[in-house]
Amino acid sequence: MTGSHPTRSRLTAALRPAAFGADPGGERMERIRRSPNFANGVFVNPVGARTVPSGSMLKFASTYFRKEERVRRAPAGTVPVHPTTVADLATPPASGLRLTWMGHSSVLAEIDGRRVLFDPVWGQRCSPFSMVGPKRLHPVPVPLRELAPVDAVVISHDHYDHLDMPTIRGLVRSHAMFVVPLGVGAHLERWGVPADRMTELDWNESTEVAGLTLTATPARHFCGRGLRNTQHTLWASWVVTGSGHRIYHSGDTGYFPGFAEIGAAHGPFDATMIQIGAYSDYWPDIHMTPEEGMRAHLDLQGGDPAKGIMLPIHWGTFNLAPHPWEEPAEGTVTAAEVTGASVAVPRPGQPFEPARGLPLEPWWRAIAARPVREAPARAEGAVEPTAAAGVSGAKGATGAGADPAMPIPQS
């Protein structure tokens, strides 16, 4: 970092595990200091947020490590990953927009002839170490080497369940452009991403990739991969606009009034991908509950539940919070019923085109550790997906983790 002793900096870099990434320095750090979102030596949230667990950690631990609670935080059976993802993706989307949730916050968005990969995490653990940390609860639907080329890789922030070193190193071999929040480029450079294939953006800055406009928008979260967590890398949500469609990816965020502002400036959206998992009363400001996620979706759509669809993300793949494994999906289904919004609930790897019908089957109920008794009313015309079906269901009002190395949400 600028101003540090050169010999000490080289020694620190040599001893630091590669997965920790790198601290911003030089001109990158100077640009960070000029950011309107950087104050008193750290990036700051659009509204105040507690970024460390609140309340009694003793009480938290007694609940978190209780056997019956641990059982409920994981599926009781095999997660039904969609079996024909590669074949389904071989044909371009007829409507111009297709989304494939790969698990957690990883989504492949095919939009107006281009392909954008959000927060790709193909690793077995979201951790800097191969033997400890939250382990994947289902396999990735598509091996990275079989994923057709993407035009842009978009990262929301640098926590391990959103920025995975092995995945980034695998994607370096592609021709994709990497679009990331300000400061995150330091990690990517250490892992071999060329500077000319990387764009770092502050909030409300935009770049163009292959005819798409990508805009970094505010979020309410925090950052950090190492022991110090200096808050020198920004976190962001993302707007992607093509010639005929526009989509939104929330990254990780607590609820805040800025969603309505983002919607007014960039919406309404054909689809929003909204974080609805890994929430807790111990960290209420940095992750949304399903109800808050639905509220954010509606804010982004100008309050109109008839506009666009919501894809719930950040659940089902890693165990990162004390709530039951299936609860984020159930809460989202209920919120959709209450508001009349349209929600897609695909299996991991199940591509769907919002304009051609939504996957609505509550597949998670069969493998929940506790019985889920109430089923949402099915939308008229909804079709149950078969094992080989990539798209099922009709647009309607219904439809719709995880043990950290430490019980603090690095997500």
Side-chain angles (χ1 to χ4, degrees), residues 46-47 97-101 104-107 109 111 116 118-119 154 156 215-221 235-241 245-279 284-316 327-346 352-355 357-360 362 376 379 393-400 411:
V47 296
L97 177 64
R98 181 166 62 198
L99 302 177
T100 306
W101 178 54
H104 202 57
S105 293
S106 302
V107 181
I111 175 172
V116 179
F118 292 98
D119 284 358
V154 176
S156 64
T215 303
T217 45
R220 190 186 186 201
H221 201 56
W235 48 96
S237 57
W238 289 93
V239 171
V240 177
T241 305
H245 297 87
R246 58 185 63 214
I247 56 178
Y248 172 87
H249 188 283
S250 72
D252 276 2
T253 179
Y255 181 80
F256 72 114
F259 293 115
E261 298 171 7
I262 294 169
H266 302 283
F269 299 96
D270 297 281
T272 67
M273 295 157 271
I274 304 291
Q275 172 262 306
I276 51 83
Y279 49 84
D285 299 337
I286 54 174
H287 282 174
M288 291 188 292
T289 65
E291 296 76 19
E292 290 171 326
M294 178 57 68
R295 184 179 173 190
H297 167 75
L298 294 174
D299 286 353
L300 290 160
Q301 305 291 27
D304 188 348
K307 291 180 179 177
I309 67 101
M310 173 182 163
L311 171 63
I313 60 173
H314 203 266
W315 80 282
E327 189 175 273
E330 285 298 326
T332 304
V333 166
T334 300
E337 290 179 317
V338 170
T339 63
S342 296
V343 178
V345 285
F352 71 96
E353 298 181 45
L358 302 180
L360 302 174
K395 185 173 181 179
T398 62
S411 49

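- Taking each heavy atom of Ala216 and Ala236 in turn, the nearest pair found is CB-CB, 4.2 Å.
- Just one residue in the list Ile111, Thr241, Leu97 forms a side-chain contact (heavy atoms from CB on, under 4.5 Å) with Arg246, and that residue is Thr241.
- In terms of heavy atoms, Ser250 sits closest to Ala219 at O-CB, 4.4 Å.
- For the side-chain hydrogen bond (donor to acceptor under 3.5 Å, both in side chains) with Thr272, the lone residue among Lys307, Gln301, His297 that qualifies is His297.
- Atom-to-atom distance recorded for Ile286:CD1 and His221:NE2 is 5.5 Å, nearest 0.5 angstrom.
- Judged purely by atom type and a 3.5 angstrom limit, Asp119 has no side-chain atom pairing as donor or acceptor with the backbone of Val107.
- Between Leu298 and Pro305, the closest side-chain pair of non-hydrogen atoms falls below 4.5 Å.
- Taking CZ from Arg98 and NE2 from His245, the interatomic distance works out to 12.5 Å, rounded to the nearest 0.5 Å.
- In terms of the side chain to side chain donor-acceptor pair (under 3.5 Å) criterion, Trp101 has no residue partners (sequence neighbours excluded).
- Residues Phe352 and Ala344 come closest through the heavy atom pair CZ-CB, 3.5 Å.
- In this structure, the side chain to side chain contact (heavy atoms under 4.5 Å, CB included) partners of Asp299, at least two apart in sequence or on a different chain, are Tyr255, Phe259, Ala260, Arg295.
- The CD atom of Glu261 sits 11.0 Å away from the CG atom of Leu300 when rounded to the nearest 0.5 Å.
- Distance alone, capped at 3.5 Å, is enough to place a donor-acceptor pair between the His287 side chain and the Ala278 backbone.
- Between Gly277 and Trp315, the shortest heavy-atom contact is CA-CB, 4.4 Å.
- One distance of note links CG of Leu99 with CE of Met273; it measures 5.5 Å at 0.5 Å rounding.
- Counting heavy atoms from C-beta outward, Tyr248 and Ser237 have side chains that approach closer than 4.5 Å.
- In this structure, the side chain of His249 engages the main chain of Ser105 through a donor-acceptor pair within 3.5 Å.
- Partners of Thr215 under the side chain to side chain contact (heavy atoms under 4.5 Å, CB included) rule, at least two apart in sequence or in another chain, are Ser206, Thr213, Thr217, Val239, His266.
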Take Leu311 and Val345, measure what side chain to side chain contact (heavy atoms under 4.5 Å, CB included) needs, and give me the verdict at the end.
CA-CA 7 Å; Leu311 171 63; Val345 285; over 6 Å; no

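- Side-chain N or O atoms of Thr332 include none that pairs as donor or acceptor with a backbone N or O of Pro290 at under 3.5 Å.
- For Arg220 and Asp285, the salt-bridge test passes: some basic side-chain N is under 4.0 Å from an acidic carboxylate O.
- Judged as a side chain to side chain contact (heavy atoms under 4.5 Å, CB included), and not counting sequence neighbours, the contacts of Thr289 are Tyr279, Glu291, Glu292.
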Does the pair Met288 and Ile274 meet the rule for a side chain to side chain contact (heavy atoms under 4.5 Å, CB included), with working shown?
CA-CA 9 Å; Met288 291 188 292; Ile274 304 291; 3.6 Å; yes

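- Using modelled atom types, no side-chain atom of Gln275 and backbone atom of Ile313 make a donor-acceptor pair closer than 3.5 Å.
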Pair Phe118-Ile247, side chain to side chain contact (heavy atoms under 4.5 Å, CB included): steps then yes or no:
CA-CA 12 Å; Phe118 292 98; Ile247 56 178; 4.0 Å; yes

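- At least one side-chain heavy atom of Ile262 sits less than 4.5 Å from a side-chain heavy atom of Pro218.
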